[in-house]
Amino acid sequence: MDVDTRLLRYFVAVAEEGTLARAAERLFVSQPALTKQIRQLEARLGVRLFTRSRTGMTLTEPGRTLAERVPALLADWDRTLRETKSTADRAARLLRVGFMASAANEATPDIIAEFTRRRPGRRVEMRQAAWSNPSAGLADGDVDVALLRLPFPGQSALRTAVLFTEPRWVALPDGHPLAARDVIPFRDLWKEPFVAAPASTGWWRDHWLAADERDGHPVRIGAVADQPDDWLSAIANGYGVALAPASAARFYARPGVTYRPVRGVGPSRVGVVWAPAADADPAVQDFVQCCLDVLRPEEAAT
């Protein structure tokens, strides 16, 4: 009997969250779809895994047995899959680079050009991630190295070199009263609804809401977006405002959205990030050095 690993991941989410609603939010699927998948797993196994009630989902005895063993099984499968992909990528001379939004801004093509100059025959594949994946696949081993906005969840377990900082601005609907100002004090935005990343991104989302820089004033969420296009549409349609790197005014300019500098909020940082295991990977270390050479040439030369 074969069981799709996707079904097992859904099972783990429900077992850990205790309710279908929270598990569905974590998995970014609808609750009816998740219910269907759990029932499909129970039908394949021929056992009941949960006792359903108004308060949530309680594991049965067979369910507890499965919950004890599945996480290790999935971790082993993920590790095997990553190693298999890495072997194939090395054979294909491919370097997978994850990134968020505009990566390293205008410096990104220069970094790639420098890397391919150092390693002729190597190909760089840029993989853009959704905001629900702040490590851009690095934490899961889906990429070899990443260009990321800092901080992000899980950062302490990875290697990071900060490349540059830039101010955080605010993106507003064109008709917003504050859009007429040249510079906006952050305190004037405290009562505004914000367009936020998914709640599952934790303190990465909090950073872009500047939750720690509001003197205790609560954040109002007007909309949630996981992709730049959805984020821009929510702002243009008046569902909220959002903090963004100053470079967003160049990379994500669109009708209906105005960007303005913000006073009283800290900057955004961009770093090149890699896993500790990649300390011994010459291609990854060359890419890191190329980032430093292009964006921090004085330090890279010392």
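For this chain, numbers begin at 1 and follow the sequence in order.
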Margin query: Let's go through Cys290 and Asp110 carefully: what are the C-alpha distance in whole Å and the side-chain angles of both, what is the deciding distance for side chain to side chain contact (heavy atoms under 4.5 Å, CB included) to 0.1 Å, and is it a yes or a no?
Written below: CA-CA 9 Å; Cys290 289; Asp110 294 335; over 6 Å; no
Notebook entry, point to check: Stepwise, does the side chain to side chain contact (heavy atoms under 4.5 Å, CB included) test hold for Ile38 with Val14?
Noted result: CA-CA 9 Å; Ile38 294 299; Val14 176; 4.0 Å; yes
Next item on the list: Output, in order, the C-alpha distance, side-chain angles, deciding distance and verdict of side chain to side chain contact (heavy atoms under 4.5 Å, CB included) for Arg205 and Ile221.
Entry: CA-CA 11 Å; Arg205 161 177 156 138; Ile221 303 299; 3.7 Å; yes
Next item on the list: Run the numbers on Met57 and Leu49 for side chain to side chain contact (heavy atoms under 4.5 Å, CB included), then give the verdict.
Entry: CA-CA 9 Å; Met57 304 283 281; Leu49 299 172; over 6 Å; no
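Using a 4.5 Å heavy-atom threshold, the side chains of Val262 and Leu189 count as touching. Here the side chains of Leu147 and Cys291 are in contact, with some heavy-atom distance below 4.5 Å. Counting only heavy atoms from C-beta outward, the side chains of Pro173 and Val241 approach each other to under 4.5 Å. Side-chain contact between Val162 and Val270 is absent, with no heavy-atom pair separated by less than 4.5 Å. For the pair Pro151 and Trp203, the minimum side-chain heavy-atom distance is below 4.5 Å. Between Arg250 and Glu106, some side-chain heavy-atom pair lies under the 4.5 Å cut-off. Side-chain atoms of Ser30 and Lys36, non-hydrogen and from C-beta on, never get closer than 4.5 Å to each other. Under the 4.5 Å side-chain criterion, counting only non-hydrogen atoms from C-beta, Leu95 is not in contact with Arg119.
In this structure, OG in Ser132 is found 7.5 Å from CD in Gln227, a value given to the nearest 0.5 Å. Leu59 CG to Glu16 CD: the interatomic distance, rounded to the nearest 0.5 Å, is 10.0 Å. Expressed to the nearest 0.5 Å, how far CD of Gln40 lies from CG of Leu45 amounts to 10.5 Å. Taking OG1 of Thr35 as the start and CD of Gln31 as the end, the distance is 5.5 Å to the nearest 0.5 Å. Atom CZ of Arg96 is separated from atom CG of Asp144 by 4.0 Å, given to the nearest 0.5 angstrom. The distance from the CZ atom of Phe152 to the OG1 atom of Thr201 is 13.0 Å, given to the nearest 0.5 Å.
When every heavy atom of Ala223 is checked against every heavy atom of Tyr239, the shortest pair comes out as CB-CB, 3.9 Å. Of all heavy-atom pairs between Ala246 and Trp169, the closest is CB-NE1, 3.5 Å. Closest approach of Ser135 and Ala146 over heavy atoms only: O-CB, 4.1 Å. Residues Leu8 and Leu41 come closest through the heavy atom pair CD2-CD1, 4.3 Å. Contact record, Pro255 with Asp174: C-OD2, 4.3 Å, taken as the closest heavy-atom pair. When all heavy atoms are compared, the tightest approach of Ala225 to Pro198 is O-CD, 3.5 Å.
The existence of a salt bridge linking Arg159 and Asp279 is confirmed by a sub-4.0 Å separation between a basic side-chain nitrogen and an acidic carboxylate oxygen. Checked for salt-bridge contact, Glu213 and Arg168 meet the test: a charged N lies under 4.0 Å from a carboxylate O. We find that Glu42 and Arg39 are not joined by a salt bridge, their nearest charged nitrogen and carboxylate oxygen being 4.0 Å or further apart. One finds no salt bridge joining Asp286 and Arg122 here, because no Lys/Arg side-chain nitrogen approaches an Asp/Glu carboxylate oxygen to under 4.0 Å.
Remark: side-chain polar atoms of Arg181 are not paired, donor with acceptor, to backbone N or O of Val183 under 3.5 angstrom. No donor-acceptor pair closer than 3.5 Å links the side chain of Thr116 to the backbone N or O of Pro120. Arg269 places no side-chain N or O within 3.5 Å of a backbone atom of Leu150 that could act as its donor or acceptor partner. A donor-acceptor distance shorter than 3.5 angstrom exists from the side chain of Arg214 to the backbone of Leu209, with no hydrogens or angles considered. In this structure a side-chain-to-backbone donor-acceptor pair under 3.5 Å is present from Gln285 to Ala278. Of the possible polar contacts, none joining the Thr160 side chain to the Val273 backbone as a donor-acceptor pair under 3.5 Å is found. Arg127 places a side-chain N or O within donor-acceptor distance of the main-chain N or O of Asp142, the cut-off being under 3.5 Å.
More than 12 heavy atoms of other residues, nucleotides or ligands lie within 6.0 Å of CG in Asn237, so this atom counts as buried by the packing criterion. More than 12 non-hydrogen atoms from other residues, nucleotides or ligands lie less than 6.0 angstrom from CZ of Arg52.
Note: Trp208 and Trp131 fail the aromatic proximity criterion, with ring centroids not under 6.0 Å apart. Aromatic ring centres of Tyr252 and Tyr259 lie farther apart than the 6.0 Å criterion allows.
For Glu166, the salt bridge (charged side-chain N to carboxylate O under 4.0 Å, His left out) partners at least two apart in sequence or on another chain are Arg149.
By the rule that hydrophobic residues join a cluster once side-chain heavy atoms approach within less than 4.5 Å of another member, Val294 and Met126 end up as members of one cluster. Note on Leu292 and Leu138: separate hydrophobic clusters, where clusters join Ile, Leu, Val, Met, Phe, Trp and Tyr whose side-chain heavy atoms are under 4.5 Å apart, directly or indirectly. Using a 4.5 Å cut-off between side-chain heavy atoms of Ile, Leu, Val, Met, Phe, Trp and Tyr, with links allowed through other members, Val224 and Leu232 fall into the same hydrophobic cluster. In the hydrophobic cluster analysis, where Ile, Leu, Val, Met, Phe, Trp and Tyr join through side-chain heavy atoms closer than 4.5 angstrom, Val12 is grouped together with Tyr10. By the criterion of side-chain heavy atoms lying less than 4.5 angstrom apart, applied directly or through intervening Ile, Leu, Val, Met, Phe, Trp or Tyr residues, Val143 is not grouped with Leu163; the two fall into different hydrophobic clusters.
With hydrogens and angles left out, the side-chain atoms of Asp230 and Ser233 include no donor and acceptor closer than 3.5 Å.
Remark: Arg260 fails to qualify as a cation-pi partner of Phe186 under the 6.0 Å distance and 45° angle criteria applied to the six-membered ring.
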